[in-house]
Structure formats: structure tokens, C-alpha cells
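Throughout, residue positions are numbered sequentially from 1 according to the sequence presented. We use all heavy atoms of the structure for the numbers below, so side chains are in, but hydrogens, waters and symmetry mates are not. Because the structure is predicted, anything quoted here is derived from the model rather than measured.
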Amino acid sequence: MCGIIGYIGAKPAFPILLSGLKRMEYRGYDSFGFRVLDQNKEPFYYKKTGKISLAAPELLTMNVEGNIGHAHTRWATHGGVTDCNAHPHLDCRGGISVVHNGIIENYKDLKEELRREGHLFVSQTDTEVIAHLIEKFFDGNLECAVKKAISYLRGTYGIVVISKDDPNKIVAARSGSPLLIGVGKDEFLVASDPAAVIANTKKVLYLNEGEVATITPENYFIFTERQPHEIEWNVEDVEKGSYPHFMLKEIMEQPNSLQNSLRGRLVVEEGRTQLGGLKSVEERLREIDRMYIVACGTARYAGLVAEYMFEEYAGITTKVDAASEFRYRKSTMDRKSAVLAISQSGETADTLAALRDAKSRGILTLGITNVVDSTQARETDAGVYNHAGPEIGVASTKAFTSQLEVLALMALYLGRQRQLSNVMGQRIAAELAAIPDLVARTLKCDPLVKELAAKYKKCDNMIYLGRKYNYPIAMEGALKIKELAYIHAEGVAAGELKHGPIALIEDGFPVVAICPSDSVYEKMISNIMELKARGAKVLAIATEGNEEIAQIVDDVIYIPKTLEMLTPILSVIPLQLFAYHVAVARGSDVDKPRNLAKSVTVE
């Protein structure tokens, strides 16, 4: 959940650390801190509550010398948001400095034991325990002390450690929380996110589970020798450019991100898709008759759309679980089952835990992720990358639509392995190929959505309504308005309206109804009429050319016509824009919503 960066090389460390933190602030923005070592001076040590982006102008005026250091931007777990609880954390003598992402589950027991040994603690965090444990074992060699200390830790961690008493190195270790090494020219970086290093190098190497790395000005050393790979994107991809917010930039990038997700994967004339990431398990996939999808938050809603796709077009019984609940159910999985994990970052802790549980039972594991060489990508048997490019806004937009698109590609792939005809395959493939252009058309609704946002911005409660493929989109729309504008909203299956939620409806109650011209259109109109009879104010998402609905509802936003299974990719676009503009109108920080962080790397 937090952002980590370390630097060692020939350049001054502080400007690089500051730049890296600014690029990672979406991972945590409660507080931040730095530690920089200089052979001729006492270490520079600074930490403070608040956002790094607001403090950056003042920090840039500081004259900080030294070529080795680390920094951290925090999303609080243990201990409140205070200067003292911010990272880095030090040992008793102030020699050893630790930044940490994750949760140490046994920190209380360790803290009591260390206190009895005479260690003094100044914060409420679990992280400070790590610094004192390393101090306990330190005899002049930092990596040996770190290795001994982490053997006592239970939980998850990605740590980067420096010491003024062993000053020419950085030691990094990971267990359940991602870390990568950036390999530059006469310099090395270590970070929790490639966004932090992209300005210096595109060559990165992710640490595997349980690995410890020692990084010096000349080289890096890991227990398992591996070659770095190149990041696919550029520094411009993690900057806002002319947009006021990352979220709006990423919404508007969706025609390109969706085109990238499709590139080289469709054979329209043959009605099929080629997914190289599934080639190694192709024969095994032919045998499965049950799919379990595990994911969290927005990614789970993508999975719920896929539930309809896989059953309708591939004939595979599909069940979607919140990854955090998957391990706690008695499962009926067998050799004809597969588990599909969906995660934007590929580092979502609950999703990885569910994945590992499935692997321990010998079940085929598949993955969809946007990050090459992420933990999920390395641990699944096979999978498909999104190739959507980096997403900085905490509330997912382009990663979500690319997940929907990749899931549609998988549905076509699995369907053609089974009973799906060549004719239907050609139709799906052709409609998929058209999606980027249809999304570009949909985005032209932005001025209208901005007007409607001004109309609805004072709402305190909302209901989002959908059926079949668009029921998960109703839940996603409600989630977005909650995340960004802090408006209480529920995504409701339209058929369930009379079974309770309609009790909330009174004069002026706002309802967003996703109502494309599809197989359940008439049912949705009936639901809308029930709402209007009770005074609801209805904003509909409808298909272009449908003039009837404009006579029924209060407001309507139109999307182009497409195949029913692909309507979610289009219908979610106005909901993303609506949540964005309502949040801006209400004065919210849309890129960094309160209490949220981009990558949830702790359970």
C-alpha cells in the first residue's frame, strides 16, 4: 500500500528519491520521509505528515548531500498519521534505517521481547520493530543482520535498509510485498513500483518471494541470478501532461489502452483469438468444465461480467469469489477446474493468497494482470497481460475496461475450443476489433456528463441499477461514486428492486439505470417505470437511436450499439466520467481518495 524507493550511485540521491516519491504518491499519501547518507556528514533525516506533492517545492530548496538513501510515502496501518509514525524508522542508535511496506503480524511479541532487552521505541508502528531486530543482530555486516532479522518476522514485508555503519550498500528483502531493482548506468534503484524508477532506467528486475538483495554502487547481488527486463512504457505515461488529474487522462486514454490490449490477438476472418500466454496450457484448458474467478474490488466486477461471458459462449460453469473469502470456503474444485486471478497490479495480497491456495491443491491457475513480471504473473501456470499501460489514479478506469476486453478475448478463446461456431466467433471478433473506436465515440459524452454532474452533485445517496451483463457495471458505477465523491451508493440487480431497495425511493431520489437495447431492455423499462411512479429522478445509460427512453427518464446518456456481451466496456465509460465530474464539483481529490491506496498489498 505504501511507496518505497532507494538509490545508490554517482548522482545526488535526494532529488531522485523525491522525484520517485512524487510518482508513487498514489500508493500512499498520509505522510512521507527520507534518509540520505553522506560519508562526511551526519545522515539527513526528514519525515512529515501530509502529501509529498504539496511539500515538494520546499523540499527542492534543501541542500542534501549524499549518494545513498531511501524514502517512503505512507498509507497508515499501525499507528495514526503522525510525523513520528512516518517512515523511515531507526534503531536505538540512529544508525540503521528501515522503510517498509506490509504488515508484521507478530510485531507486538517481538516488541515486548526487544523492550526487555533494553530497546527503546518511539512510534506505534510495526515497522520500527524491524529496525531494532536488525540492530540486535548487526555486527558490521548489514545483509547478514537483515537475513537474521527477517527470519523472526511473521507477515508480509518489502523492506529497504541502509546503515551509516555499513554505508556503501542497500539491503532489500521481500515476502508478500513487491520490490524491484532498477538497473541504470552507474546507478541502481530499488522500489515498490516501476513508476518510481522509470525516469532513470527502464531495466528492472523483480525480487521473488523470500529473496534478499544487496546493492552496492558497482553491482547488485541476489540469491537467484536472473536478467532484468525492460519496462514497456515511458516516463510520459506516468505524468498528467495537460490533464488536471491522472484519472481524467486515463479515462481519455481508453481507446489506446484497449487497442493495445487487442493488438496481435484477434484473427477476425477466422473468428478466433490467439493468446500466447495460454499456449502452454491449451490442452488442459480444453478439459475444464468449471472456472473459479478470484479478484478484489473493481477487478471482481470484471470477473462478474466474465461469469456471463464464459457460461454463455464457452459453456463453462463459472463462479466469482471475493479473493479475501475464497480460502475460507470448502471448495469443490477438482482436476476439471481452473482458477482465474484478476489483479491490475499482480500484487494484490488477498488475490495472491487465493491463487496459492488453489496451486497447493493442484488446480490449474490462470491470471490477468497489467504488470509484466509481477508476482501473480510469475506464480500462475499461464495468463494474459492487459498491456493497458500504467494507471496512476487510485480509482481504476482503463485497467478495468482492459480487463473486460481481455476476458472477452478469453471467452472467445475458450468458446472456440468448444461449441462456439465460426460464424459467431467472427461476429465477436469483429465487434471486439471495433471497441476502441466505439469507446472514442462514447467519450464524446464528456461535456454532457459534466453538466449532469453539476445537477446531481448534492446527492447524499444513489442507486445504480442494471441487469445481466450490466448488473456488475451498476456495482462498479456505485463503487466509483463512493470512492471519489464520498456519496453513499448501491449497485442493485434490477430484478431485486421490489425485494427491498425500492423502500428507499421517494420524491427526487436519484437512480442511475443502465439500460442498453439488449435482451433485458424491456425488463429494465418496467423497473424504471416503477421508480418513476414513486418519484425517483432517473439518469439512464441507453443505446444511440433509442428515442423512447428520453420520454421516460429525466436524463439520458447515449452509448453506441455493440454486441450485448461487450456493452459493459461502453456503459461504464459515462459512469467513470460521472463519478469524476461529481467528485471534482464536490471538491474531492479524485486521484487520491481518502483512506484508499492503489495497490492493496496487505490482507
Side-chain angles (χ1 to χ4, degrees), residues 3 15-16 18-27 29 51-60 73 193-200 202 231-261 263 344 370 386-402 435-454 457 480-481 483-485 557 559 569-570 572-593 596-598:
I16 294 169
L18 175 57
S19 174
L21 279 199
K22 286 168 65 180
R23 296 186 195 284
M24 282 192 297
E25 193 170 24
Y26 67 100
R27 294 183 65 99
Y29 33 89
K51 296 179 180 179
I52 188 74
S53 53
L54 297 178
E58 177 187 345
L59 292 169
L60 284 169
T73 182
D193 191 308
V197 307
I198 189 68
N200 292 73
K202 295 181 74 173
I231 298 171
E232 296 177 337
W233 29 275
N234 300 309
V235 67
E236 294 80 10
D237 296 323
V238 292
E239 294 178 344
K240 285 186 288 192
S242 61
Y243 288 95
H245 299 97
F246 278 110
M247 184 180 178
L248 183 60
K249 173 178 180 272
E250 288 155 6
I251 291 172
M252 294 300 176
E253 285 176 342
Q254 287 176 107
N256 289 331
S257 60
L258 289 164
Q259 189 63 59
N260 289 336
S261 295
R263 187 165 285 114
Q344 179 267 327
N370 196 34
N386 296 93
H387 297 306
E391 187 176 72
I392 305 301
V394 168
S396 182
T397 52
K398 69 176 184 178
F400 176 66
T401 52
S402 74
I435 280 292
D437 288 338
L438 296 182
V439 168
R441 275 172 53 188
T442 305
L443 285 167
K444 292 179 180 178
C445 73
D446 183 50
L448 170 62
V449 175
K450 189 174 182 179
E451 288 180 21
L452 293 173
K457 69 179 181 180
K480 282 291 168 285
I481 205 84
E483 287 179 315
L484 298 169
I557 303 168
I559 60 174
I569 301 175
L570 304 183
V572 77
I573 302 290
L575 304 185
Q576 294 172 348
L577 287 167
F578 184 69
Y580 169 79
H581 286 301
V582 171
V584 170
R586 288 167 67 100
S588 301
D589 185 344
V590 292
D591 283 338
K592 306 180 187 72
L596 298 176
K598 184 66 173 172

In Å, rounded to the nearest 0.5 Å, how long is the span from [atom1] of [X] to [atom2] of [Y]?
| X | Y | atom1 | atom2 | value |
| --- | --- | --- | --- | --- |
| Asn200 | Ser19 | CG | OG | 7.5 Å |
| Asp193 | Met24 | CG | CE | 6.5 Å |
| Ile557 | Leu452 | CD1 | CG | 5.0 Å |
| Gln254 | Ile435 | CD | CD1 | 11.5 Å |
| Arg23 | Ser53 | CZ | OG | 13.5 Å |
| Ser257 | Ile251 | OG | CD1 | 11.0 Å |

For Tyr580, the option from Lys480, Lys450, His245 that meets side-chain hydrogen bond (donor to acceptor under 3.5 Å, both in side chains):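 That would be His245.
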
Donor + acceptor pair across side chains of Gln576, Thr397 (<3.5 Å):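 No.
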
Whether [X] side chain and [Y] backbone form a donor-acceptor pair below 3.5 Å:
| X | Y | answer |
| --- | --- | --- |
| Thr442 | Leu438 | yes |
| Lys398 | Pro390 | yes |
| Glu250 | Gly393 | yes |
| Glu451 | Leu448 | no |
| Asn386 | Ser261 | no |

Should [X] and [Y] count as side-chain neighbours, where that means a heavy-atom distance under 4.5 Å?
| X | Y | value |
| --- | --- | --- |
| Ser588 | Leu484 | no |
| Leu59 | Ile52 | yes |
| Gln344 | Glu391 | yes |
| Ile569 | Leu258 | yes |

If you look only at pairs with a residue in residues 573-590, which of them pass as a salt bridge (Lys or Arg N to Asp or Glu O under 4.0 Å), with sequence neighbours excluded?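 Passing the test, one end in residues 573-590: Lys51-Asp589.
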
For a quick test of reading the model, state the closest non-hydrogen atom pair linking [X] to [Y] and the distance between them.
| X | Y | answer |
| --- | --- | --- |
| Leu443 | Pro255 | CD1-CD, 3.6 Å |
| Ile198 | Lys202 | CD1-CG, 3.7 Å |
| Glu483 | Ala395 | OE1-CB, 3.6 Å |
| Leu248 | Leu577 | CD1-CD2, 4.2 Å |
| His581 | Asp446 | NE2-OD1, 2.6 Å |
| Asp591 | Phe246 | OD2-N, 2.8 Å |

